[in-house]
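Let me begin by presenting the structure, written as structure tokens, before commenting on it.
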Amino acid sequence: MNYLIFIPSLYITVSILYQFILGIASLFDFRKINSLNGRHAFKKILIVVPAYREDSVILNSCRENFKVNYPNHLYDILVIADQMKKETNLALREMGVIVFKVSFKNSTKAKALNAVNEFVKSSDYEGQIILDADNIMSKNFLKRSSKLLCAGYEAVQALRQAKKLNSPASVFDALAEIANHKMLCQGANVIGLSSKLSGSGMLLSKVKFLEIIPKLSAIGGFDKEMELLMTKMKIKIYYDGNIHVKDEKCQDFNQMSRQRARWLESQYSFFRKNFVYACKALNEGNFDYFHKVIQLALPPRTLIPIASLILGLISLICGLDTLAIINLTAFLLNLFTYIILTPFNWILKHGANLILALPKLIHSTIKSLSLMPQSKKEFIHTQHFQNDV
């Protein structure tokens, strides 16, 4: 009986300690990437946008992305149009967008990106930025990207910010994004490890784009597959919070369940496939790849505090006082981690509503676990809708 409580308690407590360490590390960011001084050339950049049935958002996002502060002749936007309307594709072309039409029986981002590989190979673009169809870049995105390429950075994740917080689900989704960037991107970089990739707002040098993209085959979680491939090949992934993309967040908990199901299935699937190789890589000195694989073993963050609290109470009832103290201390540590990572104005503005919506969030996370088998067989698309910037 003790082992039935001890093993999950150890799993949850170690997960909480790991997040706490990365959260604290993110507060002490002295990396060179924060200050890119000196002269640099303007690189020619291609913005690649996989778009599966994204007629409702793609025109507005491309229109906004043409407003970046960068010489017009040194960048292009390429939309990989998968099952989009003819009138949408025509409007994009009239706007100056390169429209690359594709049609797959089972559409995935990996397939879409692979479709433009030859186009990129024959072009003179020196860097590629991968965006989601709804993403809107900050005005300095391309200038900063050019500086990063000149400085030798070949794989960079930018900050993703919420477009609009108009529902409890969107606020929870945005807070999860903040935690991701602070802990898994910035915190990881500070202690010398590769950043997490978020699926969009990603900058790759042409060399790395052509090296990595043809190797992608994931139905879901192509960003996780990219992380693993890069770190396995000892390619360092950097995080730069000085540039950002505006990103639409989940507007309801049902949408969140579908999205998380896709993420969780790919996360645990990649963990199972890579664990043995990660152990071999660790023995060969590749701790970055090992860390990426072990990171995939983390439980859903929404359930971590609930699990630690329940395990603490069960331990107390069973008379396991030491284990109860460990679990309850872990619960408080987890709470403290999220408090220091959450902007104070968010706590004041959204705190009460978030507490009231917490049961819906927990139910959404549990539901996502039940949807995981479906996401293994098919790509569960998260529909984007027109939103104010």
Side-chain angles (χ1 to χ4, degrees), residues 44-125 127-143 145 158 160-164 166 170 198-204 209 213 222 243-251 255 259 379-389:
K44 191 171 183 182
I45 298 172
L46 180 67
I47 301 157
V48 184
V49 189
Y52 173 74
R53 296 182 178 179
E54 296 286 10
D55 302 84
S56 62
V57 296
I58 193 67
L59 292 174
N60 180 65
S61 60
C62 286
R63 191 178 297 113
E64 292 298 319
N65 284 328
F66 273 123
K67 296 178 182 178
V68 291
N69 184 16
Y70 204 68
N72 291 334
H73 67 287
L74 288 178
Y75 78 96
D76 287 301
I77 299 175
L78 183 151
V79 170
I80 307 170
D82 187 356
Q83 300 184 46
M84 300 243 287
K85 297 176 182 176
K86 289 182 179 179
E87 51 267 36
T88 302
N89 292 338
L90 178 61
L92 286 170
R93 289 192 177 99
E94 290 176 348
M95 197 185 297
V97 174
I98 301 170
V99 177
F100 197 99
K101 289 180 64 177
V102 296
S103 182
F104 303 109
K105 183 178 180 180
N106 296 304
S107 298
T108 67
K109 281 188 177 180
K111 288 180 181 178
L113 291 170
N114 269 293
V116 298
N117 195 60
E118 287 301 317
F119 174 86
V120 172
K121 189 175 183 178
S122 62
S123 73
D124 59 349
Y125 301 104
Q128 284 69 44
I129 293 168
I130 301 174
L131 300 182
D132 279 343
D134 64 309
N135 287 167
I136 296 175
M137 297 182 293
S138 57
K139 296 297 186 288
N140 71 327
F141 202 105
L142 296 188
K143 271 192 174 181
S145 295
R160 298 204 310 179
Q161 294 181 336
K163 278 186 180 180
K164 193 173 182 181
N166 52 359
S170 65
S198 299
S200 68
M202 301 183 298
L203 167 67
L204 296 177
F209 185 93
I213 296 303
F222 90 102
I243 47 177
H244 68 263
V245 293
K246 292 287 186 181
D247 180 65
E248 181 187 324
K249 312 320 292 181
C250 292
Q251 297 302 306
Q255 184 186 24
Q259 183 190 69
F379 178 70
I380 299 179
H381 177 57
T382 303
Q383 185 69 46
H384 296 115
F385 301 96
Q386 186 59 56
N387 207 340
D388 296 335
V389 181

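No hydrogens, no waters, no symmetry mates; every other heavy atom, side chains included, goes into these values.
For the side-chain contact (heavy atoms from CB on, under 4.5 Å) test with V116, the passing option among V102, L78, I98, I213 is L78; the others fail. A side-chain contact (heavy atoms from CB on, under 4.5 Å) with N65 is found for one member of N60, I136, V49 and no other, namely I136.
With hydrogens and angles disregarded, a donor-acceptor distance shorter than 3.5 Å links the side chain of Y75 to the backbone of F66. Of the possible donor and acceptor atoms, none in the side chain of K101 sits under 3.5 Å from a partner among the backbone N and O of N89. Here the side chain of D55 pairs a donor or acceptor atom with the backbone of K85 at under 3.5 angstrom. Remark: the backbone N or O of K249 is not paired with any side-chain donor or acceptor of S170 at under 3.5 angstrom. At distances below 3.5 Å, not a single donor-acceptor pair connects side-chain atoms of S138 with backbone N or O atoms of I243. The backbone N or O of V245 lies less than 3.5 Å from no partner atom in the side chain of N135, so there is not a single donor-acceptor pair. No donor-acceptor pair under 3.5 Å is formed between the side chain of K44 and the backbone N or O of S123.
Between I130 and F209 there is a side-chain heavy-atom pair separated by less than 4.5 Å. Considering only heavy atoms from C-beta on, E54 stays 4.5 Å or farther from V79 through its side chain. F119 places a side-chain heavy atom less than 4.5 Å from the side chain of L46.
With values rounded to the nearest 0.5 angstrom, I77 atom CD1 is found 12.0 Å from I45 atom CD1. Taking CE of M95 as the reference point, atom CG of L90 lies at 10.5 Å (rounded to 0.5 Å). Atoms CZ and CD1, on F104 and I80 in that order, are 8.0 Å from each other to the nearest 0.5 Å.
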Derivation and outcome, side chain to side chain contact (heavy atoms under 4.5 Å, CB included), residues K109 and D132 | CA-CA 10 Å; K109 281 188 177 180; D132 279 343; 2.4 Å; yes
